[in-house]
Protein chains: 2
Amino acid sequence: METRSQLREQVTRKLLDSGINPTRQRLEIGVCLFEKDKHISADQVLELVNRGACEVSKATVYNTLGLFAERGLVRELVITPNKVVYDTNVSDHHHLYNVDTGDLQDLETDELHLNALPRLDDGVQIDGVDIIIRVKNKTPA
Amino acid sequence: METRSQLREQVTRKLLDSGINPTRQRLEIGVCLFEKDKHISADQVLELVNRGACEVSKATVYNTLGLFAERGLVRELVITPNKVVYDTNVSDHHHLYNVDTGDLQDLETDELHLNALPRLDDGVQIDGVDIIIRVKNKTPA
DNA sequence: GTCAGTGCAAACCCTTTGCAGAAAG
DNA sequence: CTTTCTGCAAAGGGTTTGCACTGAC
């Protein structure tokens, strides 16, 4: 498939730009991430990757996602202790989470933003701002 | 100690008001939580509780903290997948987290608030708004 | 006696670690 | 050859589950 090989090239470039050696396993994982282009859990990545012809271990998926997050290729979102997902959208935005359905949506900063950041101590700088709006269904009945 | 037994009474009342049967284990855990009156992890609760004369199992600590959070006695904060803490301050406020030192501070809403909430779908209502400002040290040296 | 409520040992499973093997120099 | 990097099996440990026990009726 043409687009598949294009994606492969794009991902290779992304990895090189981030100083990551584009090995077979990392490429497979990267393609799965950016192909889906949505919030995705480590488990889902593992399943997607192994649906293809190549075997990648669980440990490698976790370590690679951690590496990608550290280098800024993806953003790690901690929704609950048991729900950690990776977001390929690394631009400045926030999230809306439905605790009943598990649905997770992006909120762009024009829909939601802080009026001001707090005064910080000298010696520290912003590393990130995470905002999660949790909603629930009105009539659980 | 006088204040200790007063705290015990207060916690008992809190539990009853929330429809929770104030058993020995729940009281011990509740006293540890509200005595410390700060962000505290399940592990720390376990240690504090068992410093006293009564033995409470790990499972009971986890289940009880989950119950308290569900009933609104404490607020569960997910900082990272490996750092979950319970906050006895259940009023509307947010958090400042230093990723280098692990330090966690409260931010009152007058220091930090959203200019507006997003338009929600019909059928859903706000369950909670979590804002975490992550900071890091400027000179990791 | 029954039955809802409670506490915890053990199981579960997500994540990390340590190391064998590969790749680079 | 030595050194660095990589992938993964196995270990670790926080959390949940299933069940024995208690207490209420």
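The sequence lines fix the lettering, A, B, ..., with proteins before strands; numbering per chain opens at 1.
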Exercise for the section: May I ask you to test the A:Thr64-A:Val56 pair for a side-chain heavy-atom distance under 4.5 Å? Expected result: no
Problem - Under-4.0 Å salt bridge between A:Glu28 and A:Arg24 - result: no
Practice task
Would you check, one step at a time, whether the test side-chain hydrogen bond (donor to acceptor under 3.5 Å, both in side chains) holds for B:His94 with B:Asp130?
Solution key: CA-CA 7 Å; B:His94 305 299; B:Asp130 290 343; over 6 Å; no
Problem - Shortest side-chain distance from B:Ala59, nucleotide among D:dG7, D:dT16, D:dA9 - result: D:dT16
Practice task
Using the closest heavy atom to pick a nucleotide of DNA chain C for each, name whichever of A:Val84 or B:Arg24 lands nearer the 5' end.
Solution key: B:Arg24
Practice task
Could you pick out which residue, B:Ile20 or A:Pro81, lies toward the 5' side of DNA chain C when each is mapped onto its nearest nucleotide?
Solution key: B:Ile20
Practice task
Have a look at A:Asp87 and tell me which of A:Arg75, A:Lys38, A:His39 forms a side-chain hydrogen bond (donor to acceptor under 3.5 Å, both in side chains) with it.
Solution key: A:His39
Fill in the blank from the handout: DNA chain C: first to last nucleotide in contact with chain B (atom under 4.0 angstrom from a heavy atom), 5' to 3', is C:dT6 to C:dT16
Problem - Presence of B:Lys58 side-chain N/O under 4.0 Å of D:dG14 phosphate oxygens OP1/OP2 - result: yes
Practice task
Can you tell me the distance, in whole Å, between the NZ atom of A:Lys83 and the P atom of D:dG14?
Solution key: 24 Å
Problem - Whole angstrom value for the distance that separates C1' of D:dG14 from CD of B:Gln44 - result: 14 Å
Practice task
Quick one: do A:Asp127 and B:Lys136 satisfy salt bridge (charged side-chain N to carboxylate O under 4.0 Å, His left out)? Show the steps, please.
Solution key: CA-CA 6 Å; A:Asp127 185 50; B:Lys136 58 187 172 189; 3.5 Å; yes
With a non-hydrogen cut-off below 4.0 angstrom, is [X] in contact with a base, only sugar-phosphate, or nothing?
{"X": "B:Thr23", "value": "sugar-phosphate"}
{"X": "A:Asn82", "value": "sugar-phosphate"}
{"X": "B:Asn21", "value": "sugar-phosphate"}

Exercise for the section: Could you state whether B:Val99 and A:Val78 fall into the same hydrophobic cluster, counting links through intermediate Ile, Leu, Val, Met, Phe, Trp or Tyr residues with side-chain heavy atoms under 4.5 angstrom apart? Expected result: no
